[in-house]
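In what follows, every heavy atom counts, from backbone to side chain, and hydrogens, waters and symmetry copies are set aside. In each ligand, atom 1 is the first atom listed, and ligand 1 is the first ligand listed. The shown structure was predicted, so the numbers you read here are calculated from the model rather than taken from an experiment.
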Amino acid sequence: MDKLIVEGGIALRGTVRISGAKNAALPLIAATLLAPGRHRLGNVPNLRDTRTFLKLMENLGVRHERQEDVLIIDSTNLRSAEAPYDLVKTMRASVLVLGPLLARMGKAKVSLPGGCAIGARPINFHITGLEKLGATCRLEHGYVDAEIDGRLQGDTVYFDIPTVTGTENLLMAAVLAEGTTILKNAAREPEIANLIDMLTGMGARIEGRNTDRLTIHGVDVLRPADCDIIPDRIEAGTYLIAIAATGGEGTVTHCNPAHLPSLLEKLRLAGLIVDEGESTISVRWPQAKPRALKSVDIKTMPFPGYPTDLQAQFMALMALSADICVITETIFENRFMHVAELQRMGAGIRIDGHSCVINGHGMNGLSGAQVMATDLRASSSLVIAGLAASGRTEISRIYHLERGYENLVEKLTGLGARVWKEQE
Ligand code: EPU
């Protein structure tokens with residue numbers, strides 16, 4: 001197993017190109033199940049999670065070729081409708097094949113993912129939504145076994161909580177249903193708009209893009225897709241926070257500033273200067289010294305609120321602030337696994353229920369230590385802390401990082417960081 005070594009204390013400077021979004025690539029790959037033929041997806045990141053998802057697709061009979069960031073996916077010959085435990089347990093997003101398999105094949109058998117490092121993460125809204133459209137779902141032997149008699153039937157589905165992959169699953173099921181489906185309290189993340197654009201290009205009829213009420217008029221058949229993945233807003237946010245945390249100055253390119261409204265505002269409130277271009281975001285410190293970061297509260301919320309996937313990274317930044325702030329996690333019940341590791345680096349953080357009180361120790365407040373990555377975003381907060389800390393940080397279990405950050409070491413090195421992988 002590899003570990004990541006970070007020699008901290010260097011201000012990051014320069015530009016970094018953002019890759020396609022993991023959380024858009026996965027549903028878009030799943031959506032190719034809806035229409036037989038050769039699909040083209042552009043700007044697809046080459047990550048552990050996209051590779052795992054393609055392995056799952058291969059298991060179903062879907063072939064693919066990759067030419068740089070373009071994936072050609074041929075979903076003509078489906079031979080299975082089953083997502084086995086071995087694949088689902090390594091990546092919860094495998095559940096995204098449930099809706100499209102049911103719509104195309106009339107049946108789907110998908111392993112229940114089980115708990116994960118950030119919370120219980122049930123899929124009950126996916127299942128009750130599909131049942132509302134006429135599917136029969138049985139939970140047996142750890143699997144959801146779903147089938148339909150004929151076609152799915154359009155209906156109204158109300159989500160108690162705006163669920164991202166739940167909305168995506170229901171969208172993919174409803175596009176081939178008979179009649180009209182209305183999804184109420186749907187999630188509004190930019191990745192969902194990306195999926196809607198792909199489905200529309202395939203011939204689906206969907207109204208309400210970027211709103212919490214989606215109306216889907218079912219069609220009889222869809223055609224193969226040709227669509228680009230949107231930039232990864234979480235990757236972009238992670239680099240902006242890293243640049244800020246190291247006292248640096250830099251620009252993320254090939255991104256969409258409109259996808260990061262809350263983070264950019266929070267960085268400004270913390271005292272940083274943030275400039276938005278059409279597809280670039282720059283962050284820098286004001287001239288005045290000594291540098292003091294203002295403490296800023298955050299509360300995670302569904303989009304356009306502050307993203308839970310950038311909570312851990314902002315906490316690392318706030319550990320360097322000059323005062324006290326509160327970070328509240330409202331999406332997942334157990335997303336503070338990074339706290340104990342950040343504490344090992346000297347961070348003043350106290351967990352209080354769903355909130356953390358961060359007592360910032362200033363820009364020189366962290367010191368390098370041996371820490372352990374526990375999930376994808378927790379790991380990136382440790383990288384940020386390591387970059388800002390004095391001395392050497394060793395982060396073990398970095399396969400978590402490889403799930404969601406393309407060429408992390410190369411990109412950080414390009415910004416001047418001293419960071420490399422070593423075998424444990
Ligand atoms: N929930 C339920 N029942 C359901 C579905 C969701 O109770 O049937 C709850 C969840 O437990 C959670 C809340 O609803 O408390 C919202 O979860 P959501 O379903 O939106 O999360 P997800 O779709 O499983 C996606 C991303 C996550 C991201 C969340 C929130 C993908 C593949 N994953 O997960 O990304 O944190 O939305 O924005 O899109 C990551 O990239 O590191 C990551 C975890």
Q: Measure across M318 and K294 and return the closest heavy-atom pair with its distance rounded to 0.1 Å.
A: CE-O, 3.6 Å

Q. What are the two closest non-hydrogen atoms of I298 and K266, and how far apart are they?
A. CG2-CD, 3.6 Å

(Q) Taking non-hydrogen atoms within less than 4.0 Å of ligand 1, which protein residues qualify? (A) K22, N23, A93, I118, R121, P122, I123, N124, F125, H126, I161, P162, T163, V164, T165, T308, D309, I331, F332, R335, L376, R377

Q. Looking at side-chain heavy atoms only, is the closest gap between T136 and I148 below 4.5 Å?
A. no

Q | Donor-acceptor contact present, side-chain E394 to main-chain R392, <3.5 Å | A | no

Q. Can you tell me if H254 uses its side chain to pair, donor with acceptor, with the backbone of I18 under 3.5 Å?
A. no

Q. Between D309 and R335, is any pair of side-chain heavy atoms under 4.5 Å apart?
A. yes

